[in-house]
Structures are given as structure tokens and as C-alpha cells.
Amino acid sequence: MADTRKPAQDFTLRIRRYDPESGEAPTWDQHTIKLEPHRSVLEGILQAKAKFDGSIGIRCSCRAAICGSCGVRINGQPGLACHTHLDKALATAKDGVIEVEPMGNMPIIKDLIVDMDAVHWKKVQRVTPWLLADDENMPEREHVVPRESMIDVTQSMACIQCGACVSDCLSMEVDPLFVGPAALAKAYRFVGDPRDTQHFERLKDLSEDPHGIFDCTHCFKCIEACPKGVAPMNQIMRLRRRASADHGIEDRNNGVRHEHAFTTLVRQGGLLHEAELLPRSYGGDSWFGKFHPNAGQELIDSLPVITKALLRRKVTPGAALKPHRIPKEDLKSIQRISDVIEARDERIELNLYITGYDEETEGAKEPNVAAVAGGGEDGAMPSAPGADPAGRTKE
């Protein structure tokens, strides 16, 4: 077979340098390295470190996208340095120079090394990341778990704790106390496990926490950032549905009522009417909600934010008070979709699902790998371990 590998070529790396102990501001260092295009950005950084500057700080271990220790930002996007080819990184570089920075939302120890203990691991500890089983009713031998139940949590278990989702979480950027996507995805791993006996307590705790599951703003950044297709935001949404629909938890943070008001407004008008959302969330999910004392109090408390939004022209009084309008046919289509979803007997959860069994006989068929609804329900998108939410397998 012919060797299709391309010869080594020059790549320029621009590495962000920062040593907090020095007291000096961050700087950029630029180095030209020579490697084959299919080599990784990590190999490029290590070559620059070996040839030009041994003081470059970078953390790495397995170099096979398994340990998650070489998480960085490449051309502004989070990822694993060992899992990003130089030619792919060059294709997204603005001026032909590959920029490498440390991950965000975490304090920098040195150059590309961030303090995972201070943020990421601290938040994972927050969700009690171990099984809480009932010791008194423990089976005599082993606790056999239905196959479907374990497959339901497969997607959460695929997390390698690289912190890429934490790096780009916009909610955490605004509220550093937010439990965060990685920790909440880990929480679902145990909420979805039938052996765990404290599902309600876990969900109640994360619902009542003002920085818990209802602090997520659905920005999708964690889904885009994850190199393993864990889709942390999806796991957070599943925690919310488990809490509200399965356990009837009405959180004191108004999260459930906010979601109901949001859904009602979209169904009624086709688009969100922002001015109605706040009073309905706090005063009741109807037009009269704005007259409830709770809605008035919340409106008063929100005046500084509303004033700031008006001054910065994020909203205008006319646009805020006047509902958005869409064509009638489009509105009817949205309402038909809503009717179909609400008429379902069972909730559909999109999650990684691997079907099929290995056969030992000669000539056995390849196992089916497909994503279907979690918990044994039907219907989902195709996916596979290491695939992105659209089912594309990353190289």
C-alpha cells in the first residue's frame, strides 16, 4: 500500500504565556516547528518546548484522547491538544498562525496549565460522584442492573473529565458558583442508575441550589466543546425532567414555573414574549400573572438589570412590550408540533444507545451501533462513542 502521509512542513504556534507568581501580564510567544500535518498540536507544543523554550508549561499524559489532561483552547475553541491535528488547526487559524491558550473559567497555574482542583474537581465533588446504595437491602451476591438502564447512562460515563465544557460554559462565566456542565453530567450518571437509592434527594438538592440545574441557560457551548460527545447540556435537561416530571419537585428557584411560562408563551405566540416571561414565571402562567404580588416584587428586584439592558439598547421599550408576530401558518405549525409532543404517552430522551450483541460464531455480523432513546424508548439520532451530537465521529 502506498504511503499517503504528507511530508513534514513548517507550522507556526503562538502560545500564550503567563506566570501568576511573576506579577507580570500575559504575553505571546511564537515558535515555528516542523512536523507532518497529521501530527497533533500537542506534539507541536512539545517540539517547541524541546527545541526553543523548555519553560513552556503544558500538562499531558496519555496522548490518546483518554486522560483529558492536555485540554487547551486552540484558535479560540476548547479541545484536546493531543486530539487536534496540526493541519486541522491551521485550517481554522486566522492568519496562518495556530494560537494556543489555556482553558477558560479556571485559574492559571502556568502558561497552558490550569488549576483543575480549584474549579472542576471541586464542582464534581459537589454532586457526590459515587453510588449511594441501600446497604440494608443489598442483594446476597451481585446487584444485576438491566442492560437498558446502564446504556441509559453510557453517554455520561463517556466523560474523560478534560474540563473543555467548563472552559466555555457561559453560565459559569457569569456565575462562577454554577455547579457546571461536567459535574451535572456526572450527577446524571447516578440519577440514571437504578442501584442508587437517593435519586430524589440528589434531584431536590440540585434543584434547590440557586447555582444548580436551573442555572443553565441552554447556550449549547458545552455540547460544542466536548470532545467525547457527552453533551452535558442534554444531561442537565434530563436532570430537570427527572426532577419535575418524575419526582414532582417544584424548586424554590422558580425554575419549573419559568420553563412552563416559556413553553406557554412560545405556543401562544410562536416566539418568546420577554416582557410576559418574568411576571408569568413568578405570578402564574397566565396573562393575569403580572398582577400577582410575587411578580411585582420580582419586577422591582429586576429593575437594575432592566435599566442596564435599556441603556445598552439590548431591548427597547416598544419591542419589550409588544409581542413578536409571525405568520399565522407558521404559528399553526408550531402549535401542531406542540400538540404532537404533548400527546405522547412516554417522554423521549435522546441519548447514546448501543444495540446489538457480539456473536462468537465465525462470520458473525458487525454489532449495530446506533443511538436510540434512552431508557428503552424509541427514536433518536444516529451516534457512536466519540461522536458529536450530530452523529459525526471525530478523528
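Side chains are part of it too, since the values below use all heavy atoms of this structure and drop only hydrogens, waters and symmetry mates.
A salt bridge is absent between Asp29 and Arg16; no separation between the charged side-chain nitrogens and carboxylate oxygens falls under 4.0 Å. Between Arg73 and Asp168 there is a salt bridge, since a side-chain N of the basic residue sits under 4.0 Å from a carboxylate O of the acidic one. Looking at Arg126 and Asp205, a side-chain N of the basic residue comes within less than 4.0 Å of a carboxylate O on the acidic one, giving a salt bridge. Salt-bridge formation is detected for the pair Asp193/Arg189: a Lys NZ or Arg NE/NH1/NH2 atom is positioned less than 4.0 Å from an Asp or Glu carboxylate oxygen. Using a 4.0 Å cut-off between charged side-chain N and carboxylate O, Arg238 and Asp152 make a salt bridge. For Lys204 and Glu201, the salt-bridge test fails: no basic side-chain N is under 4.0 Å from an acidic carboxylate O. A salt bridge does not link Arg252 with Asp209: none of the charged nitrogens is closer than 4.0 Å to a carboxylate oxygen. Ion pair Asp111/Arg17 flagged as a salt bridge, since at least one NZ, NE, NH1 or NH2 atom sits closer than 4.0 Å to an Asp/Glu carboxylate oxygen. By the 4.0 Å N-to-carboxylate-O rule, Lys6 lies too far from Glu36 to be salt-bridged with it.
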Could you tabulate the donor-acceptor pairs under 3.5 Å formed by side-chain atoms of residues 308-322, not counting sequence neighbours?
| from | atom 1 | to | atom 2 | distance (Å) |
| --- | --- | --- | --- | --- |
| Thr316 | OG1 | Ala319 | N | 3.3 |

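Between the side chain of His199 and the backbone N or O of Val191 there is at least one donor-acceptor pair closer than 3.5 Å. Proximity of a side-chain donor or acceptor of Ser244 to a complementary backbone N or O of Arg240 within less than 3.5 Å is detected. The closest donor-acceptor contact from the side chain of Ser302 to the backbone of Val305 lies at 3.5 Å or more, if one exists at all. Asp53 places no side-chain N or O within 3.5 Å of a backbone atom of Ala48 that could act as its donor or acceptor partner. When atom types are taken as modelled, the side chain of Lys34 and the backbone of Gln9 share no donor-acceptor pair closer than 3.5 angstrom. Of the possible donor and acceptor atoms, one in the side chain of Ser281 sits under 3.5 Å from a partner among the backbone N and O of Leu277. In this structure, the side chain of Asp115 does not engage the main chain of Ile109 through any donor-acceptor pair within 3.5 Å. Checked by atom type and distance alone, the side chain of Asp251 pairs as donor or acceptor with a backbone atom of Gly255 at under 3.5 Å. The backbone N or O of Gly44 lies less than 3.5 Å from no partner atom in the side chain of Lys49, so there is not a single donor-acceptor pair. With hydrogens and angles ignored, the 3.5 Å screen pairs a side-chain donor or acceptor of Lys110 with a backbone N or O of Ser55.
Between Gln268 and His273 the shortest side-chain heavy-atom distance does not fall below 4.5 Å. Residues Leu278 and Glu298 are in side-chain contact: their nearest non-hydrogen atoms beyond the backbone lie under 4.5 Å apart. No side-chain heavy atom of Cys169 sits under 4.5 Å from any side-chain heavy atom of Lys221. At least one side-chain heavy atom of Phe190 sits less than 4.5 Å from a side-chain heavy atom of Arg202. Residues Cys219 and Ser171 are not in side-chain contact: their nearest non-hydrogen atoms beyond the backbone lie 4.5 Å or more apart. At a threshold of 4.5 Å between non-hydrogen side-chain atoms, the residues Pro327 and Asp330 count as touching. At least one side-chain heavy atom of Met116 sits less than 4.5 Å from a side-chain heavy atom of Met103. Side-chain contact between Asp215 and Leu177 is absent, with no heavy-atom pair separated by less than 4.5 Å.
Around the CD atom of Glu342, the shell of radius 6.0 Å holds more than 12 heavy atoms that belong to other residues, nucleotides or ligands. The 12-atom threshold is exceeded at CZ of Phe291, counting heavy atoms of other residues, nucleotides or ligands nearer than 6.0 Å.
Scanning all heavy atoms of the two residues, the minimum distance from Asp285 to Ala261 falls at OD1-CA, 3.5 Å. Minimum interatomic distance between Leu206 and Ala187 (heavy atoms only, all atoms of both residues): CD1-CB, 3.8 Å. Trp28 approaches Val100 most closely through the heavy-atom pair CZ3-O, 3.9 Å. In terms of heavy-atom proximity, Ala243 sits nearest to Ser207 at CB-OG, 3.6 Å. The minimum heavy-atom distance linking Glu43 with Ser40 is given by the pair OE1-N, 2.9 Å. Residue Leu132 comes nearest to Asp196 through the heavy atom pair N-OD2, 3.0 Å, listed as atom of the first residue, atom of the second, then distance.
Hydrophobic clustering of Ile, Leu, Val, Met, Phe, Trp and Tyr side chains at less than 4.5 Å, counting indirect connections, keeps Leu272 apart from Ile337. The hydrophobic cluster containing Val41 does not contain Ile160, counting ILVMFWY residues as joined when their side-chain heavy atoms lie under 4.5 angstrom apart, directly or transitively. Residues Tyr18 and Val72 do not share a hydrophobic cluster, clusters being chains of Ile/Leu/Val/Met/Phe/Trp/Tyr side chains in contact below 4.5 Å. When the side chains of ILVMFWY residues are joined at heavy-atom separations under 4.5 Å, either directly or via intervening members, Leu170 and Met237 end up in two distinct hydrophobic clusters. At a threshold of 4.5 Å between side-chain heavy atoms, the hydrophobic network of Ile, Leu, Val, Met, Phe, Trp and Tyr places Ile15 and Leu86 in one connected group.
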Walk me through whether Trp121 and Gln161 qualify under side chain to side chain contact (heavy atoms under 4.5 Å, CB included). CA-CA 9 Å; Trp121 292 116; Gln161 305 296 339; 3.5 Å; yes
Going through the checks in order, is the side-chain hydrogen bond (donor to acceptor under 3.5 Å, both in side chains) test met by Arg267 and Ser338? CA-CA 7 Å; Arg267 177 182 169 79; Ser338 178; 3.0 Å; yes
The test is side chain to side chain contact (heavy atoms under 4.5 Å, CB included); show your working for Asp87 and Leu90 and say whether it passes. CA-CA 5 Å; Asp87 55 349; Leu90 184 61; 5.5 Å; no
Give the intermediate values and the outcome of side chain to side chain contact (heavy atoms under 4.5 Å, CB included) for residues Phe262 and Arg280. CA-CA 9 Å; Phe262 201 108; Arg280 290 196 184 205; over 6 Å; no
Start with the C-alpha distance between Ser333 and Arg336, add both sets of side-chain angles, then the distance that settles side-chain hydrogen bond (donor to acceptor under 3.5 Å, both in side chains), and finish with yes or no. CA-CA 5 Å; Ser333 298; Arg336 280 198 295 272; 3.2 Å; yes
Apply ring-ring contact (aromatic ring centres under 6.0 Å, His included) to the pair Phe52 and His31, showing each step before the final yes or no. CA-CA 8 Å; Phe52 307 113; His31 302 288; 5.4 Å; yes
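Atom CD1 of residue Ile213 and atom CZ of residue Phe178 lie 9.5 Å apart, to the nearest 0.5 angstrom. For the atom pair NE2 of His85 and CG of Leu42, the computed distance is 12.0 Å after rounding to the nearest 0.5 Å. Here the straight-line distance linking atom CD of Gln235 with atom CG of Leu184 works out to 10.5 Å at 0.5 Å rounding. Note that CE of Met138 and OG1 of Thr197 are 8.5 Å apart. Values are rounded to the nearest 0.5 Å. Rounded to the nearest 0.5 angstrom, Lys186 NZ and Cys159 SG are separated by 6.5 Å.
Of the residues listed (Leu80, Leu13, Thr84, Thr92), the one engaging Ile74 in a side chain to side chain contact (heavy atoms under 4.5 Å, CB included) is Thr84, and it is the only one.
Looking only at atom types and distance, the side chain of Asp301 has a donor-acceptor partner in the side chain of Gln297 under 3.5 Å away.
With sequence neighbours excluded, no residue forms a side-chain hydrogen bond (donor to acceptor under 3.5 Å, both in side chains) with His38. Every residue was checked against the ring pair (Phe, Tyr, Trp, His ring centres under 6.0 Å) condition with Phe288, not counting sequence neighbours, and none meets it.
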